[in-house]
Amino acid sequence: MSDNNKSRTINFGPFFILCVAFTIVAVWFPNYIMWVVWAFVGYVAVVAVITIIALIVAAVMVYKASKGF
């Protein structure tokens with residue numbers, strides 16, 4: 001049975017912050033909306049590159065570890 005009295009929490013992660021920034025810039029500074037869009041694109045690109053590097057490092061570690069057995 002679900003608990004309807006459970007308190008709600010807000011996750012202040014990067015997507016929430018970018019969403020708030022996008023809204024504020026869109027309402028008050030519409031000329032600068034693309035700066036927020038490019039910031040989001042840059043964030044996603046950096047996270048993708050870091051993830052790919054981490055996967056490559058993990059694959060090399062597993063390969064090196066399995067070679068010893």
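This structure is a prediction, so every number in the text was calculated from the model and none was measured. Side chains included, hydrogens not; waters and symmetry mates left out as well; all remaining heavy atoms used.
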> Do M61 and Y63 belong together in a cluster built from hydrophobic side chains that touch within less than 4.5 Å?
Replying inline: no
> Hey, any chance W38 and V46 share a hydrophobic cluster, counting ILVMFWY side chains that come within less than 4.5 Å of each other, even indirectly?
Replying inline: no
> Do W28 and M34 belong to the same hydrophobic cluster, where Ile, Leu, Val, Met, Phe, Trp and Tyr are linked whenever their side-chain heavy atoms lie under 4.5 Å apart, directly or via other members?
Replying inline: yes
> Is V60 linked to I53 within one hydrophobic cluster, defined over Ile, Leu, Val, Met, Phe, Trp and Tyr using a side-chain heavy-atom separation of less than 4.5 Å?
Replying inline: no
>> As an exercise, state the distance from CD1 of I33 to CD1 of I24, rounded to the nearest 0.5 Å.
In response: 11.0 Å
> For Y43, what residues pass the ring-ring contact (aromatic ring centres under 6.0 Å, His included) criterion, not counting sequence neighbours?
Replying inline: F15
> Looking only at heavy atoms, what is the nearest atom pair of V37 and F22, with distance?
Replying inline: CG2-CE1, 3.6 Å
> Same cluster for V49 and I52 if Ile/Leu/Val/Met/Phe/Trp/Tyr side chains link at under 4.5 Å?
Replying inline: no
>> Can you tell me which residue among T51, V44, I50 is in a side chain to side chain contact (heavy atoms under 4.5 Å, CB included) with V47?
In response: T51
